[in-house]
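Every number for a ligand or one of its atoms is a count from 1 in the order of the listing. Please read all numbers here as calculations on a predicted model, not as lab measurements.
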Amino acid sequence: MQDHAQEGASMDRRSALAALGLAGFAAAAGGAPGLRPLLSATDLGWDAEKGEYVLPPLPYDAAALEPHIDAETMRIHHGKHHAGYVAGLNAAIARLGELRGPKTEPALLQHWQRQLSFHAGGHFNHTLFWRGMAPAEGGGGGGAPTGTLREAIDASFGAFDAFLWQFMQAAVTVEASGWAWLVLEPVSGRLMVSQMENQQKLLIPGAVPLLGVDVWEHAYYLRYQNRRMDYVGAFLRVINWPEVQRRLDAARGA
Ligand code: MN3
């Protein structure tokens, strides 16, 4: 009876996924729906031989986003903070590998599962973040989106300005540390703005992250101190809209 119920639930889930066209998508993503079409294993620094991640280099010089994002912040943010998430992710993967078995202390498992979630979020978010920016004034960053991305923004928010307002408000009002994201909600196909607390909480499950701004204080405090709004305004000047368009195309399977 119980087996039958479980089988039924499993079939329902499969049918639901198939109906949403997500079954192949989720399988291809290897349990990380929404991410794999956007970043390759190489982009993420995955070393299959060692079975661990290596911090990927910045896609540009640390000073490339000056004066909007300063070089010192970029160096510390990438070389210390992002590196810390990579190290934490590798440690969590290794520890969980050692903790397999029925006699593992549940609280210890829970600790490392939480570490995995937090540090995987930190690594993936930052990898998307660096590539989501480009130098302003002729370097590809800033301006406004065009093409099908602009059409999707207009259709989902009414106008580009309305999107910008929602995105900035989401970024400025995150409590303590977190992110604001523009995401593709895969079932409705709509673009939405979502907040994230820490590195992993609140984001819509399955949503495809198209553009994120890091509003942890480590992302802006050296240059902007407590003026998060000024930092978010500076971020808008270096958004790599062609990369956001590429992510939207990848997410849609274009
Ligand atoms: Mn950060």
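For residues 76-102, the set of pairs meeting the salt bridge (Lys or Arg N to Asp or Glu O under 4.0 Å) definition, not counting sequence neighbours, comprises Arg95-Glu98. Applying the salt bridge (Lys or Arg N to Asp or Glu O under 4.0 Å) definition to pairs two or more places apart or across chains, those involving residues 212-228 are Glu66-Arg223, Arg227-Asp230.
Between the side chain of Thr127 and the backbone N or O of Leu44 there is no donor-acceptor pair closer than 3.5 Å. Without hydrogens or angle criteria, Glu185 side chain to Ala207 main chain gives no donor-acceptor distance under 3.5 Å.
Checked against the 6.0 Å centroid threshold, His126 and His78 do not count as a close aromatic pair.
In this view, Asp61 satisfies the salt bridge (charged side-chain N to carboxylate O under 4.0 Å, His left out) rule with no residue, not counting sequence neighbours.
Protein N/O/S atoms found under 2.8 Å from the Mn ion (ligand 1), listed by chain and residue number: His77 NE2, His126 NE2, Asp214 OD2, His218 NE2.
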